[in-house]
Amino acid sequence: MSIRILLIDDHALFRSGVHALLQRQSDFEVVGEAADGLEGLKRAKQFRPDVILLDLNMPGLSGIETETLASAIRRAAAGQPVIADDMTRKLVASMRAPKPAPLRAQTAADPLTTRERDIMRELSHGASNKEIARSLMLAESTVKIHVRNILRKLNLTSRVQVAIYAVGHDSAHATEAV
């Protein structure tokens with residue numbers, strides 16, 4: 001059985017190159033292509049692919065990266081998580097970084113507001129800004145501001161670090177409403 005793939009990229013030449021590379025794999029079938037997100041949604045409904053390759057300002061792929069791409073597609077189709085090497089390095093580095101002080105009620109030592117702790121709890125569960133906004137009945141733009149404030153106040157640089165911080169530090173305080 002082949003892995004059915006949909007390509008969505010605004011660069012026709014790049015799209016056709018990836019298409020040609022993927023077709024060389026006997027277990028891949030490119031079932032469709034789209035030049036933008038709206039067309040991509042229509043094609044996804046039409047073709048029901050197993051995997052969608054979506055342009056996120058990807059640079060051209062070298063031969064070695066294309067072997068990595070094929071492996072990642074197979075893992076994703078099998079339901080396994082696929083994390084880019086640079087994200088894995090950042091995650092490991094954030095886990096090795098010195099840990100900030102544990103969460104407490106808002107004080108000079110813990111500058112987070114109750115709402116920021118609520119948002120951090122949601123981040124620790126892997127929620128997106130949109131999901132957090134729905135859950136806490138906030139505007140998505142408000143969630144973005146709170147996330148930015150959490151990063152600044154805790155001297156962290158990524159949502160992943162916030163989630164690790166929340167899970168690794170006094171989780172009772174991360175979930176309580178003060």
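The structure displayed is predicted, hence computed values, not measured ones.
When atom types are taken as modelled, the side chain of Gln161 and the backbone of Thr157 share a donor-acceptor pair closer than 3.5 angstrom. With hydrogens and angles ignored, the 3.5 Å screen pairs no side-chain donor or acceptor of Arg4 with any backbone N or O of Val30. Proximity of a side-chain donor or acceptor of Ser124 to a complementary backbone N or O of Arg121 within less than 3.5 Å is detected. The backbone N or O of Ala20 sits nowhere less than 3.5 Å from a side-chain atom of Gln23 that would complete a donor-acceptor pair.
Listed by chain and residue number, Ala34, Ala35, Asp36, Arg43 satisfy the side chain to side chain contact (heavy atoms under 4.5 Å, CB included) test with Glu39 (two or more places apart in sequence, or in another chain). Taking Glu122 as the reference, nothing meets the salt bridge (charged side-chain N to carboxylate O under 4.0 Å, His left out) condition, with sequence neighbours excluded.
Across all non-hydrogen atoms, the minimal contact from Ile52 to Ala44 is CD1-CB, 4.0 Å. Contact detail for Arg159 and Leu151: the closest heavy-atom pair is N-CD2, 4.3 Å. Here the closest heavy-atom approach between residue Arg115 and residue His146 is recorded as CG-NE2, 3.6 Å. Between Ala139 and Ala133, the closest heavy-atom pair is C-CB, 4.0 Å.
Side-chain contact between Ile8 and Leu53 is absent, with no heavy atoms from C-beta onward closer than 4.5 Å. Side-chain contact between Asn149 and Thr113 is absent, with no heavy atoms from C-beta onward closer than 4.5 Å. Here the side chains of Leu156 and Ile150 are not in contact, with every heavy-atom distance at 4.5 Å or above. Using a 4.5 Å cut-off on side-chain heavy atoms (C-beta onward), Leu7 and Leu22 make contact. Side-chain contact check for Ile5 versus Pro49: every heavy-atom pair is 4.5 Å or farther apart.
Screening Arg148, Lys153, Arg152 against Glu116 for a salt bridge (Lys or Arg N to Asp or Glu O under 4.0 Å) leaves a single residue, Lys153.
Taken to the nearest 0.5 Å, the CG atom of Leu123 stands 13.5 Å off from the OH atom of Tyr165. Annotation: the span from Ser16 atom OG to Leu21 atom CG amounts to 9.5 Å, rounded to 0.5 Å. Here the CG-CZ distance, from Leu136 to Arg134, works out to 12.5 Å after rounding to the nearest 0.5 Å. Thr114 contributes atom OG1, which lies 11.5 Å from atom CD1 of Ile119 (distance to the nearest 0.5 angstrom).
Taking the charged nitrogens against the carboxylate oxygens, Arg15 and Glu33 do have a contact shorter than 4.0 Å, which makes a salt bridge.
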Q | Ile3 vs Val51, side-chain contact (heavy atoms from CB on, under 4.5 Å): CA-CA, chis, key distance, verdict | A | CA-CA 7 Å; Ile3 299 170; Val51 175; 3.9 Å; yes

Q: Determine, stepwise, if the pair Arg48 / Val31 fulfils side-chain contact (heavy atoms from CB on, under 4.5 Å).
A: CA-CA 9 Å; Arg48 301 268 209 221; Val31 294; over 6 Å; no

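For the salt bridge (Lys or Arg N to Asp or Glu O under 4.0 Å) condition, the pairs that include at least one residue of residues 18-31, sequence neighbours left out, are Asp27-Arg74.
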